[in-house]
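Let me begin by presenting the structure, written as structure tokens, before commenting on it.
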Amino acid sequence: MLLIVWHSRTGTARAMAQAAFDAAREEGEPGSLNVRLMEAGLAQPADCLAAQGFLFVCPENLGGLSGVMKEFFDRCYYPLLGRIEGRAYATAIAAGTAGQGAQGQIDRIVTGWRLRRVAPPCLLVTGADRPETILADKTVSEAALAPCRDLGRLMAAGLGMGAF
């Protein structure tokens, strides 16, 4: 199973997660790979134990992970330690201007789980850099979501073939 764990405040990361999910489901043969889309606030260690691979999708807030995504990692870290080693992961980060802070934070966290990155980070930079643009609900173009769809397809194909 591919587990897509996501959090979004203004819609960009939600659209990214949905695009990856839709593409991952289309990629595999019917019934060959289960794909689950779960909000970070609802995902539990048992959901992670059932997954072969992970796609973590979230916004960067104040140069780091959003609080809800960080809470997911805080809640699940120790129950999963030593139990999911070697599984595949990738990330998709929505950011106003950077994205590397949240990306680095996820990479440091999953190093303890000994997950294996299987794709480069997918960063969607919105250009939001003022309170009114940062806080505004976002609509993401189909073109901007194309890398997220590609990432979903890659994860599904790799897991489905047993490549990772």
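Residue indices begin at 1 and follow the sequence shown. The model shown is predicted, which means the values in this text are computed figures rather than measured ones.
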Within-4.5 Å side-chain heavy-atom neighbours: Val35 and Leu37: no
Output yes when a side-chain donor or acceptor of Glu60 lies under 3.5 Å from a complementary backbone atom of Ala95, and no otherwise. no
Taking atom CZ as the centre, does Arg116 end up with more than 12 heavy-atom neighbours from other residues, nucleotides or ligands that are less than 6.0 angstrom away? yes
Are more than 12 heavy atoms, taken from residues, nucleotides or ligands other than Leu62, located less than 6.0 Å from that residue's CG atom? no
Basic-acidic side-chain contact under 4.0 Å: Glu26, Arg149: no
Separation between CD of Gln44 and CZ of Phe72, rounded to the nearest 0.5 Å: 9.0 Å
Under the ring pair (Phe, Tyr, Trp, His ring centres under 6.0 Å) test, residues paired with Tyr89 that sit two or more places apart: none
When you compare the side chain of Val5 with that of Met69, does any pair of heavy atoms fall below 4.5 Å? yes
Under a 4.5 Å cut-off applied to non-hydrogen side-chain atoms, are Val110 and Phe54 in contact? no
Answer whether the closest heavy-atom distance between the side chains of Cys58 and Ile93 falls below 4.5 Å. yes
Determine, stepwise, if the pair Val140 / Met16 fulfils side chain to side chain contact (heavy atoms under 4.5 Å, CB included). CA-CA 8 Å; Val140 186; Met16 294 169 71; 5.6 Å; no
Heavy-atom side-chain contact between Leu154 and Glu27 under 4.5 Å: no
